[in-house]
Amino acid sequence: MNILFAGDFCPERESLPRNPFSEDVVSQFHKSDYVIINLEAPLTERGKPTLKTGPNLRIHPGYAKLLKES
């Protein structure tokens with residue numbers, strides 16, 4: 001069994017989803033039985049930052065489909 005782990009996926013400042021992965025990376029995804037990627041931020045289009053310490057990160061919800069297709 002081949003499992004691929006990737007961490008800290010957070011395409012910041014991208015208003016619309018685009019594929020951030022090269023053909024080589026996508027090829028590795030397809031060779032794996034399981035691909036696990038840590039989303040470093042919530043999938044949301046909410047524009048108002050949450051009052052908290054640290055950065056307010058968010059990922060466009062369209063990335064869910066892009067990740068699944070990759």
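Note that the numbering runs from 1 along the sequence shown for the chain. Just so you know, these numbers use all the heavy atoms, side chains as well, and skip hydrogens, waters and symmetry mates. Quick caveat: nothing in here was measured; it's all calculated off a predicted structure.
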Could you give the distance from [atom1] ([X]) to [atom2] ([Y]), rounded to the nearest 0.5 Å?
X     : Y     : atom1 : atom2 : value
Glu40 : Asp8  : CD    : CG    : 4.5 Å
Glu23 : His30 : CD    : NE2   : 10.5 Å
Glu69 : Asn19 : CD    : CG    : 9.0 Å

Within one Ile-Leu-Val-Met-Phe-Trp-Tyr cluster: Leu4 and Tyr63, side-chain cutoff 4.5 Å: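 Looking at the clustering, Tyr63 is in the same group as Leu4.
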Cluster check Phe5, Ile37: I/L/V/M/F/W/Y, side chain < 4.5 angstrom: no
Donor-acceptor pair, [X] side chain versus [Y] backbone, under 3.5 Å?
X     : Y     : value
Ser22 : Val25 : yes
Asp33 : Ile3  : no
Ser70 : Leu66 : yes

Which atom of Asn2 lies closest to which atom of Lys31, heavy atoms considered: ND2-O, 3.5 Å
Closest approach of His60 to Leu43 (non-hydrogen atoms, all atoms of both residues): O-CD2, 3.6 Å
Enclosure of Lys65 NZ (heavy-atom neighbours >12, cutoff 6.0 Å): no
Worked verdict on Phe9 versus Leu67 for side chain to side chain contact (heavy atoms under 4.5 Å, CB included): CA-CA 10 Å; Phe9 179 77; Leu67 288 167; 4.0 Å; yes
Pro11 and Ile59, any side-chain heavy atoms less than 4.5 Å apart: yes
For Phe29, ring pair (Phe, Tyr, Trp, His ring centres under 6.0 Å) partners two or more places apart: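 Ring pair (Phe, Tyr, Trp, His ring centres under 6.0 Å) check on Phe29 returns Phe21.
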Contacts of type side chain to side chain donor-acceptor pair (under 3.5 Å), residue Gln28, not counting sequence neighbours: none
